[in-house]
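Following: one structure in structure tokens, then a few remarks.
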Protein chains: 2
Amino acid sequence: MNQRKDSGGTAAPVKAKRAAATGSPSERREHLVKLAAELFARKGFQATTVREIALEAGILSGSLYHHFDSKETIVDEVLRTFLEDVTARYRAALASEDDPRAVLSEMVRIGFGTLEVHRAAITVMQNDWNYLRSLPGDRFDYLVRAEDEIERMWMEQIKRGQAVGQFRADVDPKLTYRMMRDTIWVTVRWFRPNGRLDTTTIADHFVKVVFDGLATGRRHS
Amino acid sequence: MNQRKDSGGTAAPVKAKRAAATGSPSERREHLVKLAAELFARKGFQATTVREIALEAGILSGSLYHHFDSKETIVDEVLRTFLEDVTARYRAALASEDDPRAVLSEMVRIGFGTLEVHRAAITVMQNDWNYLRSLPGDRFDYLVRAEDEIERMWMEQIKRGQAVGQFRADVDPKLTYRMMRDTIWVTVRWFRPNGRLDTTTIADHFVKVVFDGLATGRRHS
DNA sequence: GTCTATAACTAGATAGAC
DNA sequence: GTCTATCTAGTTATAGAC
């Protein structure tokens, strides 16, 4: 099935979904990146071929190279866009509020909030992180740099919260940060926009459990 | 680099790591699966070639097909082994104890405990789940079946705990289950055996935070 | 900006000798 | 149980016509 006489990089687009061919060149590019991100998220970066991306866009694989010089460039743009947005939001949260617990719960809300807009990017980041990092060259080193900056911002709030007595001091700050970070991002595995649970509900649940605990009755010791 | 006159399925093993060639056939097979699992975990299932697996074992790719009929069969065995072990442990925990909170914290400990033995398998399961599920055929349907059985076991304990008043009733059981499950497995991303934190420490931290909360002071309303 | 045609290569898998 | 040799199919990417 899906037979075509070309085994190479072609195949007439025939009845492909050629979407809005209007708009500026940069909008066109963004649109292509978005389509690719969805495919990367669904099947994985490597399992997604440039032919599939092109087909989805209603063009042929060769034409894709008018917009991007490689498949890596596309996934690069997917991840970079997400990381720039989320770090910017975190910085804004830090600047607008001082109370550690307030900042931290705002950061939790920001994290879950990105699930809607950046669902595909987050999925790719989680599933293909190891692979992209294993590629030769330093092209994806910024992934680790962004991760480090985000870690610093979280850790600072956790430690300040402990220092002022808002958070219990008998928990490892780094372990706590990782637990919070992972629990937020990993939600993309099952989160569905327009599903039973919206990101605000999920964030509230998370804050409730992590801050106050699941158990009833007296507090720890 | 790494140049050889063969572009096919060959390449003299030369100075490869040919390990213990002794032992029963089934031990040999298990050993190969283990080597493959490590590669799958590091680079991803698709990025790992049968040639790399063979090289790691000190044989040629063609020889691998004496043991397995396909690359998929190998990853199948990796995941199946892990899932069978963990579900068996969960069942034992349910059988040996009745108190919901005790069972649940035991399940948490079991989860983190598998990180050491099954680190590679868990990594593969997380990173390549979407891809394996997207493959045609029903070969990997058991992934979802195992997931469902595990979910039932956890949910039962959470709901019983709420019914007997051990856990607060104002949290969504399913959301709570997902949060606990994800937080445990995702730990493979950064967990290193023989690192600063062992699985017991991580499990204790987890139970502390999730059961009693991070905040100091009075309990939730 | 897209298509045609193809280059250059790598993947998983097989058949049969040893 | 391993190696030799090879097949088939699929991959990213390019060059130039339109």
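Atoms considered below: every heavy atom in the structure, side chains included; atoms not considered: hydrogens, waters and symmetry mates. Here is the naming used below: chain letters follow the sequence lines, and residue numbers restart at 1 for every chain.
Contact annotation: B:S63 reaches the phosphate of D:dC3 (side-chain N/O to OP1 or OP2, under 4.0 Å). Residue B:H66 places none of its side-chain N or O atoms closer than 4.0 Å to OP1 or OP2 of D:dT2. Side-chain nitrogen and oxygen atoms of A:R51 include at least one within less than 4.0 Å of the OP1 or OP2 phosphate oxygen of D:dT11. Under 4.0 angstrom from either OP1 or OP2 of D:dG1 there lies no side-chain N or O belonging to B:R29. For the pair A:Y65 and D:dT14, the criterion of a side-chain N or O lying under 4.0 Å from OP1 or OP2 is not met. Taking side-chain N and O atoms only, B:H67 has a distance below 4.0 Å to OP1 or OP2 of D:dT2.
Sorted by first and then second residue, the salt bridge (charged side-chain N to carboxylate O under 4.0 Å, His left out) pairs with a member in residues 80-90 of chain B read B:D76-B:R80, B:D85-B:R89; sequence neighbours excluded.
Scanning for side-chain contact (heavy atoms from CB on, under 4.5 Å) contacts around A:Q126 gives A:I122, A:W185, A:V186, A:V188, A:R189, B:R189, with sequence neighbours left out. Under the side-chain contact (heavy atoms from CB on, under 4.5 Å) criterion, A:N194 pairs with no residue at all, not counting sequence neighbours. Taking A:V210 as the reference, A:M180, A:F206, B:M179, B:V209, B:L214 meet the side-chain contact (heavy atoms from CB on, under 4.5 Å) condition, with sequence neighbours excluded. B:E147 meets the side chain to side chain donor-acceptor pair (under 3.5 Å) test with no other residue; sequence neighbours excluded.
Taking the side chain of A:V50 as heavy atoms from C-beta on, and the options D:dA13, D:dT12, D:dT4, the nearest nucleotide is D:dT12. Which of C:dA13, C:dT2, D:dC3 sits closest to the side chain of B:L60 comes down to D:dC3. For A:K71, taking side-chain heavy atoms from C-beta onward, the closest of the listed nucleotides D:dT12, C:dT2, C:dA13 is D:dT12.
To the nearest angstrom, C1' of C:dA11 lies 11 Å from OH of B:Y131. We find that CD of B:Q46 is positioned 13 Å from P of C:dA13, with the value rounded to whole Å. Nucleotide D:dT2 holds its P atom 14 Å from the CG atom of B:L55, rounded to whole Å. D:dT12 atom C1' lies 16 Å from atom CG of A:L39, rounded to whole Å. For the pair B:L64 CG and D:dG1 P, the interatomic distance rounds to 13 Å; values are reported in whole Å. At whole-Å resolution of the value, CD in B:E52 and P in C:dA13 are 15 Å apart. One atom, CZ of B:F68, and another, P of C:dG12, lie 15 Å apart when rounded to the nearest Å. The interatomic distance linking B:L135 (CG) with C:dG12 (P) rounds to 13 Å, in whole Å.
Salt bridge B:R178/B:E151: absent, no basic N to carboxylate O contact under 4.0 Å.
Relative ring orientation between A:F45 and A:Y131 is described as tilted, the plane-to-plane angle lying within the 30° to 60° band.
Backbone-only contact: B:T48 has heavy atoms under 4.0 Å from sugar-phosphate atoms and none from a base.
In this structure, a donor-acceptor pair under 3.5 Å is present between the side chains of A:R139 and A:T73.
Rounded to 10 degrees, the angle separating the terminal axes of the helix from C:dG1-D:dC18 to C:dC18-D:dG1 is 10°, with each axis obtained from five end pairs.
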